[in-house]
Trainee: 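Before anything else, here's the structure in question.
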Amino acid sequence: MSAAELYDLGNQKRREGLWHEAINLYAQATQLDPDSPAAEARQMLLDILNYYNKDMYNP
């Protein structure tokens, strides 16, 4: 698969709520093409997941 195809598939998985699969697909796309928009998409998902604080919901 090309970087563009992996990026598109990652976007599909993200829309389905399968964020970890999307991150993995974005990482594969970035390995093939470091300038792919997948690099930014992957970082955005990682930032969102790192921001999520489970302790906030379990006082």
Side-chain angles (χ1 to χ4, degrees):
M1 291 185 109
S2 71
E5 291 171 327
L6 288 168
Y7 174 66
D8 289 340
L9 186 56
N11 285 338
Q12 178 184 344
K13 295 297 182 183
R14 179 186 46 82
R15 284 189 296 272
E16 293 172 3
L18 302 172
W19 287 20
H20 292 290
E21 288 184 35
I23 288 171
N24 291 335
L25 289 164
Y26 291 150
Q28 291 175 27
T30 304
Q31 287 177 348
L32 294 175
D33 179 10
D35 296 325
S36 168
E40 185 175 348
R42 180 179 180 271
Q43 188 58 51
M44 283 192 285
L45 281 182
L46 289 173
D47 289 344
I48 290 168
L49 291 174
N50 287 331
Y51 179 77
Y52 178 68
N53 183 354
K54 293 179 184 175
D55 292 339
M56 193 166 73
Y57 297 106
N58 296 314

Trainee: Which value, rounded to the nearest 0.5 Å, describes the distance between Glu16 atom CD and Lys13 atom NZ?
Mentor: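 Interatomic distance, Glu16 CD to Lys13 NZ, rounded to 0.5 Å: 5.0 Å.
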Trainee: Listing request: all salt bridge (Lys or Arg N to Asp or Glu O under 4.0 Å) pairs with a residue in residues 31-46, at least two apart in sequence or in separate chains.
Mentor: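 Every candidate salt bridge (Lys or Arg N to Asp or Glu O under 4.0 Å) pair involving residues 31-46 fails, so no pair, neighbours aside, qualifies.
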Trainee: Is there a side-chain contact between Tyr26 and Leu45 (heavy atoms, below 4.5 Å)?
Mentor: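 Yes, side chains in contact.
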Trainee: Where is the tightest heavy-atom contact between Pro34 and Ala39, given as atom of each residue plus distance?
Mentor: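 Nearest pair, atom of Pro34 first, then Ala39: O-CB, 4.2 Å.
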Trainee: Considering only heavy atoms from C-beta outward, does the side chain of Arg14 approach that of Ile23 to under 4.5 Å?
Mentor: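 Heavy-atom side-chain distance check fails, nothing below 4.5 Å.
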Trainee: Could you tell me which residues satisfy side chain to side chain donor-acceptor pair (under 3.5 Å) with Asn24, sequence neighbours excluded, listed by chain and number?
Mentor: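 By the side chain to side chain donor-acceptor pair (under 3.5 Å) rule, Asn24 matches no residue at all.
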Trainee: Just how far is it from atom CD of Gln28 to atom CE of Met1, taken to the nearest 0.5 Å?
Mentor: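 Result: 9.0 Å between the selected atoms.
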Trainee: Hey, mind stepping through Asp47 and Gln43 against side chain to side chain donor-acceptor pair (under 3.5 Å) and telling me if it holds?
Mentor: CA-CA 6 Å; Asp47 289 344; Gln43 188 58 51; 2.9 Å; yes
Trainee: Would you mind reporting whether Leu25 and Tyr7 have side-chain heavy atoms less than 4.5 Å apart?
Mentor: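 No. Closest side-chain heavy atoms not under 4.5 Å.
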Trainee: Tell me the closest heavy-atom pair linking Ala3 and Leu32, and the distance in Å.
Mentor: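 Closest approach of Ala3 to Leu32: N-CD1, 3.9 Å.
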